[in-house]
Amino acid sequence: MKKKNITAVVINYVSLILILVVFYAVQILGLNKLFILVVIMLLLVLIISFNSAFKKTGLWKLVHRSQKHLDERELQIIHKAIRLSYSIFVILCLVLIMLFAVAEGRPIDMLLASSLIYLAHTLPAAVIAFSGEEV
């Protein structure tokens, strides 16, 4: 993958993390609700970078395509990416669940759950982007 695509993936995930950080900072620290505007701007960055990182490159379509429409090489690349990305995803989910249980004493909320669903769908494509393999 081109360096531009990797940069778009990094911007995408950094904006996702910043959305969560700002949102929880507003809640926990009792910051001004004006910070929600920052979350909205970061959401726009997330959407734009998603388009650059996953849609325009075709990675989103590749990872979500039926196996019937893939050749053997593409199947191997996707299988490796899915295996690695879901290993990362499971560890991340368990850490977050434990952090919320210890720090908050409650289960995760809808924003974090939505972010994790987004991560689950984009992580295999990100792994392919970082691997540098052409598909």
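- Val63 has its side chain out of reach of Phe54: every pair of non-hydrogen atoms, C-beta onward, lies at least 4.5 Å apart.
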Steps toward side-chain contact (heavy atoms from CB on, under 4.5 Å) verdict (Leu92, Leu119): CA-CA 10 Å; Leu92 180 64; Leu119 184 65; 3.3 Å; yes
Val38/Leu18 under side-chain contact (heavy atoms from CB on, under 4.5 Å): CA gap, chis, key distance, verdict: CA-CA 9 Å; Val38 174; Leu18 288 175; over 6 Å; no
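- Shortest non-hydrogen contact noted between His69 and Glu74 is O-OE1, 4.3 Å.
- With sequence neighbours excluded, the residues forming a side-chain contact (heavy atoms from CB on, under 4.5 Å) with Leu43 are Ile19, Leu46, Ile47, listed by chain and number.
- How far NE2 of His79 is from CD of Gln67: 10.0 Å, rounded to the nearest 0.5 Å.
- Of the candidates Leu123, Leu84, Leu59, Leu59 is the only one forming a side chain to side chain contact (heavy atoms under 4.5 Å, CB included) with Ile128.
- Closest approach of Ser52 to Thr57, counting heavy atoms only: O-CG2, 3.6 Å.
- Annotation for Ala129 and Val9: closest pair CB-CG2, 4.1 Å, computed over non-hydrogen atoms.
- The side chain to side chain donor-acceptor pair (under 3.5 Å) test applied to His121 returns His64, not counting sequence neighbours.
- Asp109 and Phe100 make their closest contact through N-CE2, 4.5 Å (heavy atoms, listed as atom of the first residue, atom of the second, distance).
- Between Leu116 and Cys93 the shortest side-chain heavy-atom distance falls below 4.5 Å.
- When every heavy atom of Ala8 is checked against every heavy atom of Ser49, the shortest pair comes out as O-CB, 3.7 Å.
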Apply the test side-chain contact (heavy atoms from CB on, under 4.5 Å) to residues Phe50 and Ile11: give CA-CA distance (whole Å), side-chain angles for both, the deciding distance (0.1 Å), then the verdict. CA-CA 9 Å; Phe50 172 83; Ile11 290 170; over 6 Å; no
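- Partners of Tyr86 by side chain to side chain donor-acceptor pair (under 3.5 Å), not counting sequence neighbours: none found.
- Leu70 is listed as a side-chain neighbour of Leu62, based on a closest heavy-atom distance under 4.5 Å.
- Leu94 meets the side-chain contact (heavy atoms from CB on, under 4.5 Å) test with Val90; sequence neighbours excluded.
- Clustering ILVMFWY residues whenever any of their side-chain heavy atoms sit less than 4.5 angstrom apart, transitively, puts Leu29 in the very cluster that holds Leu42.
- In this structure Thr122 satisfies the side chain to side chain donor-acceptor pair (under 3.5 Å) test together with Tyr13, sequence neighbours excluded.
- For Asn51, there are no side chain to side chain donor-acceptor pair (under 3.5 Å) partners at least two apart in sequence or on another chain.
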